[in-house]
Colleague: 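Okay, here's the structure, questions in a sec.
The analysis underlying the following values was restricted to heavy atoms, covering all of them including side chains, and did not include hydrogens, waters or symmetry mates. Sequence lines set the chain letters: A, B, ... in the order given, protein chains first and strands last, and positions in each chain run from 1.
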Amino acid sequence: MDSPEILSLYAQLNKVPKGTVVTYGSLAKMIGKPGGARWVGYVLKNLPEETKLPWHRVINSQGKISLPGERGEVQKRRLKKENVEFTNDRVRLKAYHWNP
DNA sequence: TAAATGACTCGCT
DNA sequence: AAGCGAGCCATTT
């Protein structure tokens with residue numbers, strides 16, 4: 001079963017608008033857990049493939065895809081499809097505005 | 001109960 | 001600009 005913390009993360013991730021990206025750290029901070037960036041990555045890895053959460057909008061603080069392997073390519077492709085601009089393998093805009 | 005893991009971040013070199 | 005090391009959190013074994 002998913003703990004409340006996980007559910008909170010799901011909810012917050014679900015609020016991320018299309019065409020924008022968030023960092024693991026920011027996402028962690030949103031749910032009141034600064035420094036929990038690593039934990040966020042752990043949770044996302046555990047996500048089922050059938051999930052409809054916008055997990056592909058989550059990148060690292062360097063503006064790059066942290067997900068290695070083909071999954072990373074898929075993520076990049078999805079972001080491009082949402083009009084997210086890439087410069088080589090870096091996201092040009094971290095257009096993320098969070099209103100608490 | 002304690003030790004290990006990971007789709008991270010920051011500061012310093 | 002790029003690489004290295006230590007710090008952080010909850011989950012999983």
Colleague: Does the side chain of A/H56 reach to within under 4.5 Å of the side chain of A/V21, using non-hydrogen atoms?
Modeller: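 No; the side chains remain at least 4.5 Å from each other.
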Colleague: Any idea which heavy atoms bring A/D89 and A/K76 closest together, and the distance?
Modeller: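 Answer, listing the atom of A/D89 first, then A/K76: OD1-NZ, 3.0 Å.
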Colleague: Could you give the CG-to-P distance, from A/L47 to B/dG6, as a whole number of Å?
Modeller: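 A/L47 atom CG is separated from B/dG6 atom P by 17 Å.
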Colleague: Expressed in angstrom and rounded to an integer, what is the separation of A/L27 atom CG from B/dT9 atom C1'?
Modeller: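 Computing the A/L27:CG to B/dT9:C1' distance gives 14 Å.
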Colleague: Report the distance from atom CG of A/N60 to atom CD1 of A/I65, rounding to the nearest 0.5 Å.
Modeller: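 With rounding to 0.5 Å, CG (A/N60) is 8.0 Å from CD1 (A/I65).
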Colleague: Between B/dA7 and C/dG7, how many Å separate the two P atoms, rounded to a whole number?
Modeller: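 My reading of the P atoms in B/dA7 and C/dG7 gives 22 Å.
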Colleague: Rounded to the nearest 0.5 Å, how far does NZ of A/K52 lie from CG of A/N14?
Modeller: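 The CG atom of A/N14 sits 7.0 Å away from the NZ atom of A/K52.
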Colleague: Roughly, in whole Å, what's the span from CG in A/L44 to P in C/dT12?
Modeller: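 After rounding, the gap between these two atoms is 13 Å.
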Colleague: Quick one: A/N60 CG to B/dC8 P, roughly how many Å, whole number?
Modeller: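 Result: 7 Å.
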Colleague: List the protein contact pattern of nucleotides 4-10 of chain C with one symbol per nucleotide (5' to 3'): B for base contact, S for sugar-phosphate-only contact, - for none; contact means a heavy-atom distance under 4.0 Å.
Modeller: ---BSBS
Colleague: With rounding to the nearest 0.5 Å, note down the distance linking OG in A/S8 to NZ in A/K33.
Modeller: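 Those atoms lie 7.5 Å apart.
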Colleague: Roughly how far apart are A/L79 CG and A/E85 CD, rounded to 0.5 Å?
Modeller: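 Answer rounded to 0.5 Å: 12.0 Å.
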Colleague: Measuring to OP1 and OP2 of C/dT11, would you say a side-chain N or O of A/N46 lies under 4.0 angstrom away?
Modeller: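 No, because none of the side-chain N or O atoms of A/N46 sits under 4.0 Å from OP1 or OP2 of C/dT11.
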Colleague: In whole Å, what is the span from the CZ atom of A/R71 to the C1' atom of B/dG6?
Modeller: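 Roughly 17 Å, once rounded to whole Å.
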Colleague: Specify the separation, in whole Å, of atom NZ of A/K45 and atom P of C/dT12.
Modeller: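 Atom-to-atom, A/K45 to C/dT12, this comes out as 11 Å.
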Colleague: Within a strict 4.5 Å, meaning less than it, do heavy atoms of the A/Q75 and A/R57 side chains meet?
Modeller: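 A side-chain contact is absent here, since even the closest heavy-atom pair is not under 4.5 Å.
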Colleague: Just how far, in rounded Å, is C1' of C/dT11 from CD1 of A/I31?
Modeller: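 In whole Å, C/dT11 C1' lies 13 Å from A/I31 CD1.
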Colleague: Tell me which residues in residues 50-57 of chain A lie within less than 4.0 Å of DNA chain B, going by non-hydrogen atoms.
Modeller: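 When residues 50-57 of chain A is checked for heavy atoms under 4.0 Å from DNA chain B, the hits, listed by number, are A/W55.
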Colleague: Would you call A/E49 and A/R71 a salt bridge, using N to O less than 4.0 angstrom?
Modeller: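 A salt bridge is present here (some side-chain N lies under 4.0 Å from a carboxylate O).
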Colleague: Is the phosphate of B/dC8 approached by A/S61 (side-chain N or O, under 4.0 Å from OP1 or OP2)?
Modeller: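 A/S61 to B/dC8 OP1/OP2: no side-chain N or O under 4.0 Å.
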Colleague: Working to the nearest 0.5 Å, report the span between CG of A/L9 and CG of A/L44.
Modeller: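 A/L9 CG to A/L44 CG: 6.0 Å, rounded to 0.5 Å.
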Colleague: Rounded to the Å, how far apart are A/Y24 OH and B/dA7 P?
Modeller: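 From A/Y24 OH to B/dA7 P: 8 Å.
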